[in-house]
Amino acid sequence: MTFKSILDEIENNLKKILFDLSMSDVEFSVEPAKPGFGDVSSNVSFLLAKSLKKSPKEIAEILSEKYSSCTSTLVLKSDAHPSGYLNFFANWTKLGQLILSESYLDTCGDVELGNGSSIVVEHTSVNPNKALHIGHIRNIIIGDTVSRILGKAGYKVNVLNYIDDSGLQVADIIVGFKHFGYAEEPPNGKKFDHYCGDDVYVKTTEKYEVDSSLEEIRKNVLKELEDGDSETAKFGDKITRRVLAGQLETCWNFGVTYDCLNFESQIIRSGLWSEIFEKLKEMKLVEFENEGKNAGCWVIRGDGKEEDKVIVRSNGTATYIAKDIPYAAWKLGLLGDPFNYKKYKKPQTGNRILWQTTLKETAKISKNFTGEKVVTVIDSRQANLQKIITVLMDKFKSVPDAYNHLGYESVTLSSNTAKTLGLETDGKQAQMSGRKGLYVSADSVYDILKEKTKEETKKRHPEMDDSEIEIIAHSVSVGTIRYEMIKQDLDKIITFDLTKSLSLEGDTSPYIQYTHARASRILEKSGRVPTIDVDFTLLKENSELDLIKNIGLFNLQVRDAANNLSPKVIARYCYDLAVSFNSFYEKSKVLELGDVELENSRLCLVNSFKIVLEKALDLLGIQAPDRM
RNA sequence: GGGCCUAUGGCGCAGCAUGGAUAGCGUGUUGGACUUCUAAUCCAAAAGUCAAGGGAUCGAAGCCCUUUGGGCCCA
């Protein structure tokens, strides 16, 4: 049981009181109080003010009076604040014991939301023609964090990465290799995904701008790609898989893993499209246009003022939505599964097995990576398209809100960072562009951070051996990037600056990780094994109670984050938890107090903090070293 | 022309879903704290017409309407 216990107790008692007043249909709130207003607050008196024709203050006083005769185990007293709030003070001896005992359990923080139902999270889905840049990283970290949170909330999560291996961007690098003579092996041992993105792709697209006759070559390559048996398709497959391998390496380095890779080329060849197209026609969700500018096309009718959306052109070719619709339906398990599955050749970090789709009959392994619900992480520039798919899927699937587009704003470059890449912007931020070579790669940001954190760690611990420094620098670098990508709201643009965004102080991952190291150090130095068999009445300082309270809020935060698909909730929680520990750390010594009982009680608290912080950080994919 | 997002101390953000107490945090600035369980830390000070205007409400940073600035999508 956690802090939720006292909220539930108060809510139930208030409900009883309201029932006696025959006011039971009021939806009041019972929430952790703001600092200085007790432990729990309720707005109930405001809501009753009108119907009872009394001031909130008077009502709070009446309710407080009535509350004193309720049976309560965790509430010490209630208090009517002059503002009208009804505040409660906890019996911390009991509540503290409940919270700290709970924190020692494996299930701490678990939430019963999914109840074992399956949910698909699709993220990453970067064209396999370039290395991942800092903008892609935002998508990947959001997706990975949401997956972890949903897992904690009781869902069976299937994480998918959609590989768009048959589009224009892939055609472009093939043109580069086949017609402009780029060597297949990158020079100077450069990572293959970087080579394709920095050199082949950028330089090839530059040539299009100079010579428009090259457009013809590109079109032909694109056409050849669609025929799976062509030489071009086979070559394309080889190249994209090699780029993909490089991208996956970056993802794994950031602690991100998947369950299955879905290849667009296979979706196109699988026949899923014609299956869904027939269904769409049957259900009259697509219509054939006889007149107007879309004459001869199959369209989805726009809602109200919206434009109709063409999905099959008059020449019979499908538009790119036509690739997304069957995939979306497949993810929801609405279509037969045309795929077989085989293991990806290289194992991921951790225990998760990575599968990939295949159309080959030799691999007769069937799997189920679909979900009763789907979350698709794509930036909000694609909101229009995603809305069409959401509306369509709602009509197919009886479950409401089965298909969810989790949108987020893009990452732009600060004018200073753009300048270092050779673009003058007049002090304005700049949109990244793979085609123009205007981006900061994820690997390079990691490398810069790692150098910086290595230096910092060496300075602090001259005696430490290189392998330990390596591990610390890795987790701090990964943590810094992950936290930076997640800590603010999804609908805020992140302006990335090579120097400013890589701070290690303040509201950052290293701050939180450092706090963990402090706790670890206390436990290590104590030389004792902390237990929950301690005297909880000794924990009565404000900084101690505040820390206990924060520890007890963990599962409430997980619920909030999962319900709203909001990873930043957990980031904020980790930060708040760390702040309250640092406050405790400054005010209350733990060791060498000359009072073994008190030491043990505080050690129990420190350990509880450490356990919960580790679990919360794990949801962010951040590891906390014991020393740093 | 239509649509989506956004505006809160110098800078970067939280709070808005579900209106109610004293609008929080980081950074920067100024000053202070390492012989102490690690200073990637902590404490203090200065700094806010919550974009502007209007509306409903006993009560608005939050809800509704209008306008403006910034970003994006579609045509």
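Values reported hereafter were calculated over all heavy atoms of this structure, with side chains retained and with hydrogens, waters and symmetry mates removed. Reminder, nothing fancy here: chain letters follow the sequence lines and each chain counts from 1.
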*Mind checking the P distance from G55(B) to U30(B)? Whole angstroms is fine.*
45 Å
*Round to the nearest Å and state the distance from I493(A) atom CD1 to C5(B) atom C1'.*
8 Å
*Could one point to a donor on the side chain of T453(A) or the base of A40(B) with an acceptor on the other under 3.5 Å away?*
no
*Look at all strands and tell whether T457(A) reaches a base, only sugar-phosphate, or nothing, counting heavy atoms closer than 4.0 Å.*
base
_Quiz question: going by heavy-atom distance under 3.5 Å, is there a donor-acceptor pair between the base of A14(B) and the side chain of D489(A)?_
no
*Between C64(B) and G70(B), how far apart are the P atoms? Round to whole Å, please.*
24 Å
*Taking for each residue the nucleotide of RNA chain B with the nearest heavy atom, is it A578(A) or S380(A) whose nucleotide lies nearer the 5' end?*
A578(A)
*Pairwise C1' distance for G19(B) and U41(B), with rounding to whole Å*: 38 Å
*When you check the phosphate oxygens OP1 and OP2 of C58(B), does a side-chain N or O of K53(A) lie under 4.0 Å from one of them?*
no
*Take atom C1' in C73(B) and the same atom in G26(B), then report the distance between them in whole Å.*
33 Å
*Looking at U22(B), G26(B), G71(B), which one has an atom nearest to any side-chain atom of F37(A)?*
U22(B)
*asked:* Just verifying a value: how many Å separate E614(A) CD and H516(A) NE2, rounded to the nearest 0.5 Å?
replied: 3.5 Å
*So, is Q431(A) close to the C72(B) phosphate, meaning a side-chain N or O under 4.0 Å from OP1 or OP2?*
yes
*Taking only side-chain nitrogens and oxygens of K500(A), does any of them come within less than 4.0 Å of OP1 or OP2 of C13(B)?*
no
*Are Y585(A) and C34(B) close enough that a side-chain N or O sits under 4.0 Å from OP1 or OP2?*
no
_Closest nucleotide among U41(B), A21(B), A40(B) to the P510(A) side chain_ = A40(B)
*Phosphate OP1/OP2 of C37(B): any R602(A) side-chain N/O under 4.0 Å*: no
*asked:* With rounding to the closest Å, how many angstrom separate the C1' atoms on G9(B) and U27(B)?
replied: 12 Å
_Pairwise C1' distance, A61(B) and C16(B) [rounded to whole Å]_ = 8 Å
*Which whole number of Å gives the distance between the C1' atom of G2(B) and that of A21(B)?*
44 Å
*Quick one: look up who U41(B) pairs with, Watson-Crick or G-U, both distances under 3.5 Å, and put none if it's unpaired.*
A33(B)
*Would you call L449(A) and I481(A) a side-chain contact if the rule is heavy atoms closer than 4.5 Å?*
yes
*Please state the C1' separation for the pair C11(B) and U18(B) - nearest whole angstrom.*
32 Å
*D507(A) CG to C11(B) P, straight-line distance once rounded to whole Å*: 19 Å
_A side-chain contact here means heavy atoms from C-beta on lying under 4.5 Å apart; do L14(A) and F28(A) qualify?_
yes
*Is any side-chain N or O of K492(A) closer than 4.0 Å to OP1 or OP2 of A14(B)?*
yes
*Could you verify whether a donor N or O on one side chain and an acceptor N or O on the other, from S41(A) and K34(A), lie under 3.5 Å apart?*
no
*May I ask you to check whether D394(A) and Y403(A) show a side-chain donor-acceptor distance below 3.5 Å?*
no
